[in-house]
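Take a look at the structure below.
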Amino acid sequence: MTDAHHIPLSQDAALVVALAGTAIPFAHSAEDEAERWLRAIRLQGEVGRVMQALGVGESSLTDSDESHDTPPLGEAVLDRVTQFAATYTAQREGDTVGTQDLLRAVLEIYGDLFEHVLYIRGTSGAELLEHLGDPHPARSGG
């Protein structure tokens, strides 16, 4: 098995982490951070392809007036996400951390907060994970 501490990021994953890294410090809550992760990953790599095929947009499909009172996880969450993602990469015996690994890490760390971000855009973590590797996610009837 590959050592998870030394697995490099793919170009797409590196871009997602860089985008999230510039946005996370300005988040006012953990919910806001989850939104920023979605914006960073939505158009990048395999996960971005699946999200686009499923019609996941940047804006929510509903008016959400929920309070955002969960304290932000802060900039340290970037390291946690990349460490968790590297562990997922090692488990699948991958050579580089991909966006699918970042998605799994964000789902694990943010849990229901990220699921809500996906839900208000018409999808779920389970649906995204189900379609990863599917060449035509919009046609698979999932």
Side-chain angles (χ1 to χ4, degrees), residues 2 4-142:
T2 307
H5 296 291
H6 300 291
I7 300 175
L9 298 172
S10 69
Q11 275 190 302
D12 293 324
L15 183 55
V16 169
V17 171
L19 291 170
T22 62
I24 293 293
F26 300 100
H28 302 292
S29 65
E31 293 90 345
D32 192 19
E33 287 178 355
E35 288 275 348
R36 291 164 192 255
W37 276 108
L38 176 77
R39 287 189 205 110
I41 203 168
R42 189 177 70 80
L43 299 175
Q44 306 304 322
E46 177 76 4
V47 173
R49 185 186 64 77
V50 169
M51 285 187 173
Q52 290 173 58
L54 295 174
V56 176
E58 186 166 329
S59 59
S60 121
L61 299 175
T62 64
D63 292 328
S64 181
D65 289 334
E66 294 184 21
S67 66
H68 298 290
D69 55 5
T70 306
L73 302 180
E75 293 179 57
V77 77
L78 292 165
D79 288 335
R80 283 185 64 206
V81 167
T82 53
Q83 288 169 2
F84 277 50
T87 299
Y88 287 121
T89 305
Q91 288 172 357
R92 66 176 175 81
E93 299 180 2
D95 295 330
T96 59
V97 173
T99 57
Q100 69 274 26
D101 304 308
L102 291 176
L103 173 66
R104 286 180 169 92
V106 170
L107 283 164
E108 184 169 337
I109 291 169
Y110 286 93
D112 289 341
L113 297 176
F114 195 69
E115 283 291 349
H116 178 73
V117 167
L118 295 171
Y119 174 78
I120 62 176
R121 288 169 176 81
T123 194
S124 68
E127 180 178 35
L128 293 175
L129 293 173
E130 174 186 331
H131 289 294
L132 285 172
D134 181 349
H136 302 290
R139 289 189 268 167
S140 62

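The shown structure was predicted, so the numbers you read here are calculated from the model rather than taken from an experiment.
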Next on the checklist: Once rounded to the nearest 0.5 Å, what's the spacing between atom CD of Glu127 and atom CE of Met51?
Outcome noted: 10.0 Å
Would you give me the side-chain donor-acceptor pairs under 3.5 Å for residues 8-19, sequence neighbours excluded?
residue	atom	partner	partner atom	Å
Ser10	OG	Ala13	N	3.1
Ser10	OG	Val97	O	3.1

Next on the checklist: Taking the side chain as everything from C-beta on, heavy atoms only, tell me whether Val47 gets closer than 4.5 Å to Leu132.
Outcome noted: yes
Checklist outcome for this item: Smallest heavy-atom separation, Ala85 atom then Ala105 atom, equals N-CB, 3.7 Å
Checklist entry - Heavy atoms, side chains only, cut-off 4.5 Å: are Val117 and Tyr110 in contact? => result no
Next on the checklist: Using 0.5 Å steps for rounding, measure from the CZ atom of Phe114 to the CD1 atom of Ile109.
Outcome noted: 11.5 Å
Next on the checklist: Restricting to non-hydrogen atoms, name the atom on Ala40 and the atom on Ala20 that form the minimum distance, rounded to 0.1 Å.
Outcome noted: CB-N, 3.9 Å
Next on the checklist: Taking salt bridge (charged side-chain N to carboxylate O under 4.0 Å, His left out) as the cut-off, I'd like each qualifying pair that reaches into residues 101-119, sequence neighbours left out, listed once.
Outcome noted: Arg92-Asp101
Checklist entry - With the threshold set at 4.0 Å, does a side-chain nitrogen-carboxylate oxygen contact exist between Glu33 and Arg36? => result no
Checklist entry - Nearest 0.5 Å, what's the CZ-OG1 distance between Arg80 and Thr82? => result 11.0 Å
Checklist entry - Which distance, rounded to the nearest 0.5 Å, do you find between the OH of Tyr88 and the CG of Leu103? => result 9.5 Å
Item to check | Nearest non-hydrogen partners of Gly21 and Leu78, listed with the distance | outcome: CA-CD1, 3.5 Å
Next on the checklist: Tell me if a side-chain donor or acceptor on Thr99 pairs with a main-chain N or O of Glu46 at a distance below 3.5 Å.
Outcome noted: yes
Next on the checklist: Apply side chain to side chain contact (heavy atoms under 4.5 Å, CB included) to residues Ile41 and Val106 and explain how you reach the verdict.
Outcome noted: CA-CA 10 Å; Ile41 203 168; Val106 170; 5.9 Å; no
Item to check | Salt bridge Arg121-Glu35, side-chain N to carboxylate O under 4.0 Å | outcome: yes
Item to check | Reported CZ-to-CD distance for the pair Arg49 and Gln100, which is rounded to 0.5 angstrom | outcome: 10.5 Å
Checklist entry - Is there side-chain contact between Leu107 and Leu128, with at least one heavy-atom pair below 4.5 Å? => result no
Item to check | Distance, nearest 0.5 Å, that separates CG of Leu113 from CG of Leu118 | outcome: 11.0 Å
